[in-house]
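Here's the structure, in structure tokens; my notes come after.
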Protein chains: 2
Amino acid sequence: MNMAEQKMDETKAAGAAAEWIDGETKVLEAPGDHGAELRLWLRLLTCSTLVETEVRRRLREEFDSTLPRFDLMAQLERASDGMVLGEVSKRMMVSPGNITVLVERLAESGHISRTTSPTDRRVQIIALTPFGRAEFEKMAAAHAGWIADLFGRLSTKDGAVLLDELAKLKRSIVGSLGKAGKPA
Amino acid sequence: MNMAEQKMDETKAAGAAAEWIDGETKVLEAPGDHGAELRLWLRLLTCSTLVETEVRRRLREEFDSTLPRFDLMAQLERASDGMVLGEVSKRMMVSPGNITVLVERLAESGHISRTTSPTDRRVQIIALTPFGRAEFEKMAAAHAGWIADLFGRLSTKDGAVLLDELAKLKRSIVGSLGKAGKPA
DNA sequence: ACGAATAATTTTAAGCTTGAAGTTTTTCGA
DNA sequence: TCGAAAAACTTCAAGCTTAAAATTATTCGT
């Protein structure tokens with residue numbers, strides 16, 4: 001079976017509404033001697049994109065929500081005293097401007113509250129409302145089930161090995177980013 | 001060192017322009033017994049987000065380009081006879097409507113050409129122009145170097161183990177998606 | 001006391017993305 | 001032959017995302 005056929009077979013196995021074609025094979029023509037890293041990167045990206053796309057689809061269909069909103073609520077779930085926008089931005093790894101709009105929408109829908117800090121009028125403090133917390137708990141339970149299902153065919157041993165190897169990869173990435181800039 | 005301190009230490013190691021705070025620890029409160037899968041998912045997501053964000057930043061700063069444009073050009077790079085929009089959409093794992101706009105922009109900038117199929121007037125065929133191909137080769141070479149650098153602290157053995165474990169994870173994901181829908 | 005520097009968020013313009021509806025074309029079955 | 005169904009792409013509304021500029025507030029040094 002040639003590569004194109006193998007690729008199409010994998011596509012057929014996927015039940016997602018929109019058919020997708022696996023892009024990992026384009027790495028073959030990578031310049032120089034970087035085939036191994038590129039292949040690793042594409043596979044990492046393919047895995048995370050598949051999961052993310054499916055999670056987004058289910059959040060929309062089952063809860064009429066979005067992944068960024070879910071993520072923001074997850075940040076607030078453990079912060080019973082609320083959180084400032086700057087910290088939310090850092091934890092979600094997105095720009096402050098994006099947080100402003102996300103917060104606006106969640107405030108409008110009643111999921112979170114926002115107040116100005118009593119000690120610094122530049123600072124906004126946001127927190128889940130009781131309604132928001134209840135909604136989040138339902139989404140979080142469903143989300144955990146989806147992830148368990150998607151990852152469920154992986155053996156416990158393979159899962160542990162993968163977790164450990166991803167930790168090493170993460171240290172490589174963070175280390176590389178660190179050397180390019182100066183520590184915070 | 002408590003968890004918050006450990007988290008801050010990792011943040012300090014990162015040299016990205018915007019400070020980020022590692023979100024992996026929020027998994028601790030996962031409902032039920034799904035902590036392991038959620039932890040794995042968050043780490044996978046953190047790794048791919050870190051790399052993607054850095055690649056986007058460098059493409060913008062060094063080539064005044066974007067990741068979707070680079071990705072589209074990568075699809076076309078091996079298709080010397082061009083490619084139809086529907087296949088591009090599948091390979092890039094994005095909706096057809098998005099491809100329409102991306103193609104429009106790359107055509108305007110002279111990187112790709114678009115023609116109507118001689119045999120089916122619904123179908124558009126796009127291909128890299130000579131200019132586009134030259135630009136892509138420069139970006140691809142740089143991109144490969146960036147990925148090699150980001151992944152470079154991972155040993156060859158660890159890289160091979162990770163690639164293999166990600167293949168297993170991918171099969172779990174694809175298998176799970178498959179059972180939820182019907183094959184294409 | 002006061003002006004400059006810094007900080008936190010908001011606003012802006014530009015780009016990407018989705019799903020659904022719309023348009024045009026081709027295919028298919030009666 | 002012809003109308004319905006399907007296909008390929010485009011358009012649309014809504015949401016997300018970035019970096020940079022703008023606004024408001026606080027801090028700091030003289």
Side-chain angles (χ1 to χ4, degrees), chain A residues 16-20 49 52-73 82-90 92-109 111 114-126 184, chain B residues 16-20 49 52-73 82-90 92-109 111 114-126 184:
Chain A
E19 201 174 279
W20 59 278
T49 299
E52 194 173 322
T53 297
E54 181 61 13
V55 166
R56 285 179 190 276
R57 189 182 68 80
R58 294 191 195 191
L59 280 174
R60 185 181 65 250
E61 290 191 357
E62 298 182 35
F63 296 98
D64 193 27
S65 187
T66 66
L67 188 54
R69 292 179 198 177
F70 173 77
D71 198 3
L72 199 158
M73 290 167 77
M83 192 177 287
V84 305
L85 298 195
E87 182 164 351
V88 174
S89 162
K90 288 169 188 168
M92 286 179 64
M93 294 168 70
V94 298
S95 297
N98 193 14
I99 297 301
T100 299
V101 183
L102 272 173
V103 162
E104 180 70 17
R105 292 202 185 96
L106 281 167
E108 282 176 356
S109 60
H111 289 91
R114 60 190 293 174
T115 57
T116 304
S117 167
T119 60
D120 189 332
R121 292 199 306 281
R122 296 172 296 181
V123 171
Q124 293 281 317
I125 297 175
I126 57 174
Chain B
E19 201 174 279
W20 58 278
T49 299
E52 193 173 322
T53 298
E54 182 61 11
V55 166
R56 284 180 191 277
R57 190 182 69 78
R58 294 191 194 191
L59 280 174
R60 187 181 65 250
E61 290 192 358
E62 297 183 34
F63 296 98
D64 193 27
S65 187
T66 65
L67 188 53
R69 292 181 198 176
F70 173 76
D71 199 1
L72 199 158
M73 290 167 76
M83 191 178 288
V84 305
L85 298 195
E87 184 166 349
V88 174
S89 162
K90 288 169 187 168
M92 286 180 64
M93 294 167 69
V94 298
S95 298
N98 192 14
I99 297 301
T100 300
V101 184
L102 273 173
V103 163
E104 179 70 17
R105 292 202 185 95
L106 281 169
E108 283 177 355
S109 60
H111 289 91
R114 61 191 294 175
T115 56
T116 303
S117 167
T119 60
D120 188 333
R121 293 199 304 282
R122 296 171 297 178
V123 170
Q124 295 279 317
I125 299 176
I126 57 173

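A, B, ... follow the sequence lines: proteins, then strands. Residue 1 opens every chain. In this text the structure is predicted, and so the values were computed from the model without any measurement.
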Only counting residues at least two apart or in another chain, list the ones meeting salt bridge (Lys or Arg N to Asp or Glu O under 4.0 Å) with B/R105. none
Below 4.0 angstrom, which residues in residues 60-67 of chain A have at least one non-hydrogen atom near DNA chain C? A/R60
For DNA chain D, which nucleotides open and close the run of contacts to chain A, 5' to 3', at under 4.0 angstrom from a non-hydrogen atom? D/dG15 to D/dT26
Who pairs with A/S117 by side chain to side chain donor-acceptor pair (under 3.5 Å), at least two apart in sequence or on another chain? A/T119
Using the side chain to side chain contact (heavy atoms under 4.5 Å, CB included) definition, which of the options A/V88, A/N98, A/L85 pairs with A/V103? A/L85
I want to confirm an ordering. Mapping A/R69 and A/T119 to their closest nucleotides on DNA chain D, which one lands closer to the 5' end? A/R69
Residue-level proximity of residues 94-107 of chain A to DNA chain D when a heavy atom falls under 4.0 Å: A/V94, A/S95, A/N98, A/L102, A/R105
Can you name the residues that form a salt bridge (Lys or Arg N to Asp or Glu O under 4.0 Å) with A/E61, not counting sequence neighbours? A/R57
Distance in angstrom units between A/E87 CD and C/dT9 C1', rounded: 15 Å
Using whole Å, what does the distance between atom P of nucleotide C/dG15 and atom CG of B/L59 come to? 15 Å
Among all residues two or more places apart in sequence or in another chain, which pass the side chain to side chain donor-acceptor pair (under 3.5 Å) test with A/R122? A/D120
So OG1 of B/T116 and CD of B/Q124: to nearest 0.5 Å the spacing works out to 4.5 Å
Euclidean distance, atom CZ of residue A/R114 to atom P of C/dA8 [Å, nearest integer]: 16 Å
Can you list everything that forms a side chain to side chain donor-acceptor pair (under 3.5 Å) with B/E52? Sequence neighbours excluded, please. B/R56
Using whole Å, what does the distance between atom C1' of nucleotide C/dT18 and atom CD of A/E54 come to? 14 Å
Give the rounded distance in Å between these two atoms: CD of A/E52 and P of C/dT17. 11 Å
B/T66: side chain to side chain contact (heavy atoms under 4.5 Å, CB included) partners, not counting sequence neighbours: B/P68, B/R69
In whole Å, I'd like the distance from the CZ atom of A/R56 to the P atom of C/dT18. 9 Å
Taking side chain to side chain donor-acceptor pair (under 3.5 Å) as the test, write out the residues that go with A/T100, two or more places apart. none
List the residues meeting salt bridge (Lys or Arg N to Asp or Glu O under 4.0 Å) with B/R121, not counting sequence neighbours, and say none if there are none. none
Which residues pass the salt bridge (Lys or Arg N to Asp or Glu O under 4.0 Å) test with B/E104, not counting sequence neighbours? B/R114
To the nearest angstrom, the CD1-C1' distance between A/I125 and C/dT9 comes to 13 Å
A/R57 atom CZ is separated from C/dT18 atom P, nearest whole Å, by 14 Å
